[in-house]
2 protein chains.
Amino acid sequence: MARSNTLQYMILGLLTRQPMTGYDIKQIFDKEKAEFWTAPFSQIYPELNRLLNKELISLVESTEINSRRKVYQLTKLGTDTFMDWLKLPLSPEITQLNNDDFILRLHFLGKEQIDILKALLEMRERTLKLELAELELELSEVVHHPEQFGRELIIQKELSNKKSDLKLWRSELKNL
Amino acid sequence: MARSNTLQYMILGLLTRQPMTGYDIKQIFDKEKAEFWTAPFSQIYPELNRLLNKELISLVESTEINSRRKVYQLTKLGTDTFMDWLKLPLSPEITQLNNDDFILRLHFLGKEQIDILKALLEMRERTLKLELAELELELSEVVHHPEQFGRELIIQKELSNKKSDLKLWRSELKNL
DNA sequence: CCATCCATGTAAGGAGTTACATGATTGG
DNA sequence: CCAATCATGTAACTCCTTACATGGATGG
């Protein structure tokens, strides 16, 4: 999942819930991770310092005077930056969304942001349909190569995963 | 998919089919990629030179005398290295297999290697059962947090994907 | 007092992306 | 002759992992 500042937005997203330390962020990654993502301290701490430098986050003044704990909170700029990123599915020039971009945003959406949530699900639905068509084509080609049995199984797996995704997002969209 | 020499084994795996150039390898990656993986020239060419250095591959003597084409073939060492990697699911000390390691090996398995294929599917089946149990637990926790609706959907997606995988591998195992 | 958890980092290196650079061959 | 394809690479940069380094606070 390279090349899109994933970590930056994950951290900003977590800080929208409440101010916290790098250590807290790591705890949440480890607890909520299994679904799709995690990061070690060696990525988190330097990233926090970069975000501080860019003034997307700031240090909460500590009551405990001689503690090394650094509690971070979002700045106005940080909140805006995160919300702009989250609203991607609402921008008219974007019509497709890969699984990673989709999941990452979905993670931070609740029923309060119903319009973003709907746009996100609809966009993913569109992309899934295209991906399914491509996979059907690949499957029809690979069946002529019995020596590539493993690859055929992979395509079947991808097909059944995407079909079940499409079904799930459609049914969720209906309930919104 | 870091830290496991993926590219090395992908290249060795493709070269078991027939000798080819870096350019050919890239073509195949682009054609067979969509399912899970690809690599740009800037990764392929340096990797080929590393494999040449390690004597896992060698240059095929060219008939065309003044061509810049470099056709690579597996050496005995390269073939052995690849087969050892492919046989991982047969090794008794390994009992679990994540999706990436599973898919990567499955890609190169045909019905000729029925014993490896069976062991691979069985091992993935075991791992899937554990992953499903974890996800069920996470789902039961997240339902108490309606503000994390997006995360709940992600867990549901993962659950339905893994359930459909489990069903698929079970039915394929029955047919082998 | 000692283990575990809390807490913050640096260093080294591998993996992956994007951009750049170059030139031969093939087919219309 | 010109465009597309074949063909091989380097450079710079970001992303990610593993290992290392340090020390305070808490609870049994």
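Each chain gets a letter, A, B and so on, in the order its sequence line appears, and its residues count up from 1. All values reported here derive from a predicted model rather than from experimental measurement.
B:Leu7 places its CG atom 17 Å from the C1' atom of D:dC16, with the value rounded to the nearest Å. The nearest whole Å value for the distance from the CZ atom in B:Phe36 to the P atom in C:dG16 is 12 Å. As rounded to whole Å, 13 Å separates atom P of C:dA15 from atom CG of B:Leu104. Rounded to whole angstrom, the span from the CD atom of A:Gln43 across to the C1' atom of D:dT18 amounts to 12 Å. We find that CD1 of B:Ile11 is positioned 14 Å from C1' of C:dG16, with the value rounded to whole Å. For the pair A:Asp30 CG and C:dA7 C1', the interatomic distance rounds to 15 Å; values are reported in whole Å. Taking atom CG of A:Asp100 as the reference point, atom C1' of C:dG16 lies 14 Å away to the nearest angstrom. As rounded to whole Å, 12 Å separates atom P of D:dC16 from atom CE of A:Met10.
Residues meeting the side-chain contact (heavy atoms from CB on, under 4.5 Å) test with B:Gln27, sequence neighbours left out: B:Tyr23. For A:Asp115, the side chain to side chain donor-acceptor pair (under 3.5 Å) test picks out no residue, with sequence neighbours left out.
Judged as a side chain to side chain donor-acceptor pair (under 3.5 Å), the pairs with a partner in residues 103-112 of chain A (not counting sequence neighbours) are, in order, A:Glu32-A:His107.
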Show me the side-chain donor-acceptor pairs of residues 85-97 of chain B shorter than 3.5 Å, one per line, residues at least two apart or across chains.
{"from": "B:Ser91", "atom 1": "OG", "to": "B:Leu88", "atom 2": "O", "distance (Å)": "2.7"}
{"from": "B:Gln96", "atom 1": "OE1", "to": "B:Thr127", "atom 2": "N", "distance (Å)": "3.4"}
{"from": "B:Gln96", "atom 1": "OE1", "to": "B:Thr127", "atom 2": "OG1", "distance (Å)": "2.6"}

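In this structure, a donor-acceptor pair under 3.5 Å is present between the side chains of A:Ser160 and B:Ser164. Neither side chain, A:Asp101 nor A:Ser4, offers a donor N or O lying under 3.5 Å from an acceptor on the other. No side-chain N or O of A:Glu55 forms a donor-acceptor pair with one of A:Thr75 less than 3.5 Å apart. Using modelled atom types and a 3.5 Å distance limit, the side chains of B:Thr21 and B:Asp24 yield a donor-acceptor pair.
The 5' end of DNA chain D is approached more closely, in terms of each residue's nearest nucleotide, by B:Pro46 than by the other of B:Pro46 and A:Glu47.
Aromatic ring centres of A:Phe108 and A:Phe82: separated by under 6.0 Å.
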Between N or O atoms, less than 3.5 Å apart, protein on one side and nucleotides 20-22 of chain C on the other: list the pairs.
none

Under 3.5 Å between N/O atoms: give me all the protein pairs with nucleotides 6-8 of chain D, atom names plus distance.
{"from": "D:dC6", "atom 1": "OP2", "to": "B:Tyr23", "atom 2": "OH", "distance (Å)": "2.8"}
{"from": "D:dA7", "atom 1": "OP1", "to": "B:Arg69", "atom 2": "NE", "distance (Å)": "2.3"}
{"from": "D:dT8", "atom 1": "OP1", "to": "B:Lys70", "atom 2": "N", "distance (Å)": "2.8"}
{"from": "D:dT8", "atom 1": "OP2", "to": "B:Tyr23", "atom 2": "N", "distance (Å)": "3.1"}
{"from": "D:dT8", "atom 1": "OP2", "to": "B:Tyr45", "atom 2": "OH", "distance (Å)": "2.9"}

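Checking the phosphate oxygens (OP1, OP2) of C:dA15, a side-chain nitrogen or oxygen of B:Asn5 falls inside 4.0 Å.
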